[in-house]
Amino acid sequence: MKSLLVIVGPTGIGKTDLSIDIAKEFGTEIISSDSRQVYKELKIGTAVPTDEQLNQVQHHFIGNKSIYDYYNASMFEVEVLETLASLHKKFDQVVMTGGSGMYINAVCDGIDDLPTIDQKLRDDLIDKLEKEGIASLRLQLKMLDPESYHKIDLKNPKRILKALEVSIQTGKPYSSFLTESKKPRDFKIIKVGLQRERDELYHRINLRVDQMVNEGLIDEARQFFKDRHLNSLNTVGYKELFESFEGLITEEKAVELIKRNSRHYAKRQISWFSRDKDIVWFHPERKEEIIGFIKSRI
RNA sequence: GGUACCAUAGCUCAGUUGGUAGAGCAACGGACUGAAAAUCCGUGUGUCCCUGGUUCGAUUCCAGGUGGUACCA
């Protein structure tokens with residue numbers, strides 16, 4: 001049976017290097033599952049693999065979209081399944097690595113089918129949120145979809161917006177679209193998680209941010225200052241620099257915040273992945289053990 | 001060497017007229033179904049420098065010690 005070797009872990013843990021080694025070991029290619037590395041304009045701040053690394057192993061889903069495109073986890077699911085099907089014709093194993101938990105889940109378990117939301121409706125709801133406050137949206141949700149109202153986090157505007165968008169556009173409650181079931185996949189999924197001591201991880205993150213700055217992160221961000229409202233640029237490493245360009249904070253402070261926000265991001269990833277009981281955890285330097293583990297499962 | 005001041009959370013510091021303590025930042029824990037590097041929720045984590053004294057009780061008062069800072073030599 002064909003398999004997908006999924007390598008996960010927080011930002012800065014060492015996924016890229018290990019994945020290349022694993023892909024070489026199995027003579028295969030890599031699918032990136034990173035919601036920001038898909039944007040071709042964002043290179044330094046998203047820590048995409050170097051040209052040298054990209055030349056060693058064929059990568060997919062890196063720089064294949066533009067920051068001006070609309071993109072989401074469901075689109076990622078569809079596109080990856082397509083790519084994976086064609087890769088599996090050539091390779092028994094394919095590696096997938098990245099830190100975007102929701103994107104990974106979309107590929108491994110699938111997400112329920114929902115309609116694409118009309119941009120006008122989304123804008124109107126955001127407008128309503130700004131003008132009338134979250135309480136107004138809550139009330140509307142309570143009427144349109146009482147089940148979601150009881151289930152979702154009512155303090156989180158994005159959750160309420162999502163449920164409302166779907167309920168309004170389809171005329172059916174958002175909760176009625178949720179099946180709470182996994183989509184079957186015709187390949188085996190093997191999940192490897194990477195972990196290190198927290199201090200060590202944070203040290204690596206801090207160093208990597210300094211390195212990004214040396215490589216020209218500030219210029220890269222400045223280039224897209226005009227596009228700072230785009231969701232694709234609501235990203236650690238860019239949003240902090242935009243604030244410094246606006247004169248709200250110093251550049252030095254921005255770099256400090258990038259480090260802190262990257263650490264916070266890493267923590268959120270750790271929380272997300274630790275819930276997945278299928279993941280087997282290793283230290284990134286235990287390459288032989290990891291390869292042995294994969295071979296025992298395929 | 002002398003004098004003065006200081007020593008409280010990871011850091012910077014506040015505070016307790018004697019009843020074991022708090023703020024900012026940092027940190028920690030969690031949620032997550034199409035914007036997810038997003039968004040949201042929760043948590044003080046402490047030999048109050050050490051030893052002895054006074055006291056029912058000392059982080060607080062007293063003495064000595066240790067470390068630091070400033071000034072005088």
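As a basis for the values below, the full set of heavy atoms in this structure was taken, side chains included, without hydrogen atoms, waters or symmetry mates. First the proteins, then the strands, lettered A, B, ... as listed; each starts at 1.
- Residue T116(A) places a side-chain atom within donor-acceptor reach of the base of rG34(B), judged by atom type and a 3.5 Å distance cut-off alone.
- Rounded to whole Å, the separation between the C1' atoms of rC41(B) and rG34(B) comes to 23 Å.
- The Y174(A) side chain lies nearest to rG34(B) when the options are rA36(B), rG34(B), rC41(B).
- Each of Y238(A) and L257(A) was matched to the nucleotide of RNA chain B holding its nearest heavy atom; the match closer to the 5' end belongs to L257(A).
- Across all strands shown, rC13(B) forms a Watson-Crick or G-U wobble pair, both distances under 3.5 Å, with rG22(B).
- Within the 4.0 Å cut-off from OP1 or OP2 of rG29(B), at least one side-chain nitrogen or oxygen of K267(A) is found.
- Note on K24(A) versus D21(A): no salt bridge recorded, every NZ/NE/NH1/NH2 to OD/OE distance being 4.0 Å or above.
- Of the two residues contacting RNA chain B, namely I117(A) and Y202(A), the nearest-nucleotide position lying further toward the 5' end is that of Y202(A).
- Between Y103(A) and rA36(B), a side-chain N or O to OP1/OP2 separation shorter than 4.0 Å is present.
- Checked against a 6.0 Å centroid threshold, the rings of Y39(A) and Y71(A) do not count as neighbours.
- Remark: the R36(A) side chain and the rA36(B) base include no donor-acceptor N/O pair separated by less than 3.5 Å.
- Nucleotides rG18(B) and rU55(B) place their C1' atoms 9 Å apart, quoted to the nearest Å.
- Here the nucleotide nearest the side chain of L114(A), chosen from rG34(B), rA27(B), rA35(B), is rG34(B).
- rG67(B) is paired with rC6(B) under the criterion used here, namely a Watson-Crick or G-U wobble arrangement in which both key atom distances are under 3.5 Å.
- For rU39(B), neither phosphate oxygen OP1 nor OP2 lies less than 4.0 angstrom from any side-chain nitrogen or oxygen of N231(A).
- On the P atoms, rG24(B) is 37 Å away from rA4(B), given to the nearest whole Å.
- Without hydrogens or angle criteria, Q93(A) side chain to T28(A) main chain gives no donor-acceptor distance under 3.5 Å.
- Here, rU60(B) and rG52(B) have their P atoms 13 Å apart, quoted to the whole Å.
- Base-pair partner of rA36(B): not found among the strands shown (Watson-Crick or G-U wobble, both distances under 3.5 Å).
- Nucleotide rU60(B): unpaired (no Watson-Crick or G-U wobble partner with both distances less than 3.5 Å).
- The distance between the ring centers of F293(A) and F282(A) falls below 6.0 angstrom.
- Using a cut-off of 4.0 Å between Lys/Arg side-chain N and Asp/Glu carboxylate O, E165(A) and K162(A) are scored as salt-bridged.
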